[in-house]
Enquirer: 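Got a structure here, written out as structure tokens. Questions coming.
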Amino acid sequence: MPTVTVDGKKVRVRKGATILDAARKAGVWIPTLCHHPAVSSPATCRLCMVELERGDWRQLVTSCNYPVRRDMVVYASSERAVRARQGVMRLLLARAPESEPLRNLAARMGVHDTPYPKVTESQRNCILCGLCTAVCEEVIGRAAIGFAGRGADRAVAAPFRQPSDDCIACGACAAVCPVGTIQVRIHADTNEAEISPFKARVKLRLCERCGKRMVSEPLASQILEKAELDWEEFRKRARLCTACRRQMAAAALVATGDRSGEA
Ligand code: SF4
């Protein structure tokens with residue numbers, strides 16, 4: 001197990017760990033946005049930069065994807081590292097000035113405003129961290145969204161910026177979006193879930209007993225497919241909401257008790 005020194009604190013971490021892992025173990029806070037344990041770190045937001053000692057000079061590196069080596073010395077709270085992260089945060093704030101989670105994180109980092117011009121309306125509130133695209137591809141296995149355009153026009157979108165049939169409205173991208181830009185909207189009139197801003201709309205499964213809205217139809221089908229359970233009882237239960245499933249299970253227990261009394 002390599003030993004790493006972060007801000008003067010020595011910690012032993014597992015082989016293959018990152019500087020961020022070591023810092024967390026040492027109790028040193030480093031801000032992150034695009035890092036999530038469920039996916040490989042794209043290191044796109046650059047918010048986790050730290051200084052790494054290299055002999056008589058120091059290099060700025062992203063801590064979320066930099067693997068530790070034996071006897072590494074890291075400065076996470078040095079003036080240069082803090083200033084570099086604050087500079088990145090000012091750029092991010094220009095992209096997502098209305099994001100409350102981002103503004104809260106900025107305040108914690110000592111950044112309260114941005115000198116940069118705010119981005120155009122169509123790009124507003126997406127920091128292009130890529131966490132949503134990574135989750136969609138690596139965890140959900142759909143790759144329904146990706147990066148489109150270049151330069152100032154770069155955005156996360158579905159192919160051809162049209163609603164994608166590959167989206168199953170699972171909501172995973174919305175759950176991980178660190179700035180809260182991706183939202184799941186329910187359309188009660190059509191019983192559909194819409195993933196905003198990607199405009200994908202998907203039918204919701206309704207409980208067969210009480211009619212309550214549940215998960216999206218394609219998500220329910222994907223779960224059943226992955227479970228690989230060729231069991232009619234399981235499929236029957238999947239068509240019911242949690243409350244109706246409980247009622248059904250309770251009724252089945254009572255029926256079993258009645259039958260055992262007969263025996
Ligand atoms: S809601 Fe659609 S775009 Fe988002 S992760 Fe799920 S499948 Fe991908």
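Both counts, for ligands and for their atoms, begin at 1 and track the order of listing.
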Enquirer: Rounded to the nearest 0.5 Å, how far apart are NE2 of His36 and SG of Cys129?
Expert: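 If I round to the nearest 0.5 Å, the distance is 11.0 Å.
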Enquirer: Are more than 12 heavy atoms from other residues, nucleotides or ligands located less than 6.0 Å from atom CD of Gln86?
Expert: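 Result for CD/Gln86: enclosed.
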Enquirer: Can the positive tip of Arg90 be found less than 6.0 Å from the middle of the six-membered ring of Tyr116, inside 45° of the ring normal?
Expert: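 That pair does not qualify as a cation-pi contact.
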Enquirer: Suppose the cut-off is 2.8 Å; how many protein N/O/S atoms fall inside it around atom 6 (Fe) of ligand 1?
Expert: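 Considering protein N, O and S only, atom 6 (Fe) of ligand 1 has 1 within range.
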Enquirer: Distance from Asp166 atom CG to Ile140 atom CD1, nearest 0.5 Å?
Expert: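 Taking CG in Asp166 and CD1 in Ile140, the distance rounds to 13.0 Å.
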Enquirer: Using side-chain heavy atoms (C-beta onward) and a distance below 4.5 Å, is Thr5 in contact with Met72?
Expert: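 Side-chain contact under 4.5 Å: no.
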Enquirer: Out of Arg205, Arg213, Lys203, which one pairs with Asn191 under the side chain to side chain donor-acceptor pair (under 3.5 Å) rule?
Expert: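 Exactly one option meets the side chain to side chain donor-acceptor pair (under 3.5 Å) with Asn191, and it is Arg213.
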